[in-house]
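Step one of this worksheet: look at the structure below.
Order of appearance sets the numbers: ligands from 1, and atoms from 1 within every ligand. Fair warning: this is a prediction, and the values are worked out from it, not measured in the lab. These values consider heavy atoms only, across backbone and side chains, with no hydrogens, waters or symmetry-generated copies.
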Amino acid sequence: MTPPPEKDRRRRAASIEQLLAAKEIVICCGSGGVGKTTAAAAAAAMAAANLGGKVLVLTVDPARRLANALGLEGFGNIEKPVPVDAFKAAGVEPRGELWAAMLDTKQSWDDLVLRHAPDEATAYKILENPLYQNVSGRFVQSHDYIAMERLFDLHSGGRYDLIIVDTPPTRNAIDFLRAPDRMADFFSSRLLRWLTVPARSRVMNFATRPFYQVADRILGSQFLEDIAEFFLLFHTMYAGFVERANAVTRLLHDRRTTFVVVTTLEAAPLREAEFFVDALREDKLHIGARVLNKVLPRYLLDGASARVAERLCSDGPAIAAAMPAELGERVAVARVLQEIGESFLNFAVVAKREAEQRAELASAPDVVATAPYFETDVYDLAGLLRLGQTIWT
Ligand SMILES: Nc1ncnc2c1ncn2[C@@H]1O[C@H](COP(=O)(O)OP(=O)(O)O)[C@@H](O)[C@H]1O
Ligand SMILES: [Mg+2]
């Protein structure tokens, strides 16, 4: 790894707080289940509380309780303010405002079609096409693109000082990064042109006739016509779409935009996070921070505690004998003590491995922030702020 040039190093944020103060768009990414949604909401809550201004968190798949806490049930694409009272209940007087929105893929696609179709009649033809309804509602890939598209829309609206984006659980963490490019490629692809040929002119050539004859028999001519119509209609949005996809790509590269890679210290997510960091670097995107989430507490590394655990394992019965009798049967007490000791030692092994991985990551050129594994899920503003506090400075 080559060290960054001197001037870059000076400008680099030293904490999540500084990073968020300096940027307008923060994209939280990483593999599934590591805490992307939670981290995005926690960072946004902290920014609203401490930095001030209008902060929006755009979530993709919040757990129901978290969505409720943010006031997001059934509101689709519309942004909603998180009530000041929710902060006050958590003992915080916010300096700014926290807004939240959920990504509604279907609605976002419909908006996009309405914006780019050459006229209203065409727009409605597209919206009513059965194939379109399938693609916009279910395509995983369409999720990727639409999250970035929605971000672009919100950012150009200029209503927010800071937008923090959660990313969809893609099969591959980098999929959504390439989504705008793929969308542009798709529209200029030969496949698309080829598919639209039979609808443009019913004169089929030698090469395509057998395909259509077979396809006709298998799929039914209605289906083929739907496909052809869909692609033909979609093609009318070509120019607008490509231009827009390129603008979205430019926004991702803008110096006001940064990426935060969220991961746990487990082997698989960590590997994926490293892979993701490489991909960001390759695409020359700004890596602002890594958040190591659900990290085990440091006391697990404490030698004295480990020795106690070892003694619980080896001398369980003796220690149980010295315990007050009302605790329960000696045998049961001994069993529990031994179990606790073993459990502690097992966690200590994992904590040790985590500590090694953290030491390795400490040399990473970006901010590395660590959040502990809390004993409960993080589902309300107080929980978000508690987690946010641990990664803030
Ligand atoms: N530091 C943490 N300690 C305890 N639970 C956490 C922590 N971070 C996240 N969680 C919980 O883990 C689950 C998955 O988090 P989520 O943010 O939805 O992950 P992702 O968006 O990456 O799939 C949620 O139930 C969340 O409350
Ligand atoms: Mg999520």
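Ligand 1 is surrounded by Ser31, Gly32, Gly33, Val34, Gly35, Lys36, Thr37, Thr38, Asn293, Lys294, Pro372, Tyr373, Phe374, Thr376, Asp377, Val378, Leu387, each with at least one heavy atom closer than 4.0 Å.
In terms of hydrophobic clustering, with Ile, Leu, Val, Met, Phe, Trp and Tyr side chains grouped at heavy-atom distances under 4.5 Å, Leu251 and Leu280 are assigned to a common cluster.
Under 2.8 Å from the Mg ion (ligand 2), one finds the following protein N/O/S atoms: Thr37 OG1, Asp61 OD1.
The distance from atom CG of Asp380 to atom CG of Leu66, rounded to the nearest 0.5 Å, is 9.0 Å.
Residues forming a side-chain contact (heavy atoms from CB on, under 4.5 Å) with Ser15 (at least two apart in sequence, or on another chain): Glu17, Gln18.
Inspection of the Asp110 and Tyr132 side chains reveals an N or O donor paired with an N or O acceptor under 3.5 Å. Side-chain contact of Trp109 with Gln107: a donor-acceptor pair under 3.5 Å is absent, judged by distance alone. Of the N and O atoms on the side chains of Glu24 and Tyr160, not one donor lies less than 3.5 Å from an acceptor on the other residue.
Residue pairs satisfying the side-chain hydrogen bond (donor to acceptor under 3.5 Å, both in side chains) criterion with at least one member in residues 42-64, sequence neighbours excluded, are listed as follows: Thr37-Asp61.
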- Would Lys294 and Glu354 satisfy salt bridge (charged side-chain N to carboxylate O under 4.0 Å, His left out), going step by step from the backbone distance to the final call? CA-CA 11 Å; Lys294 303 190 183 183; Glu354 285 194 358; over 6 Å; no

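Atom CZ of Phe374 has more than 12 neighbouring heavy atoms from other residues, nucleotides or ligands inside a 6.0 Å radius.
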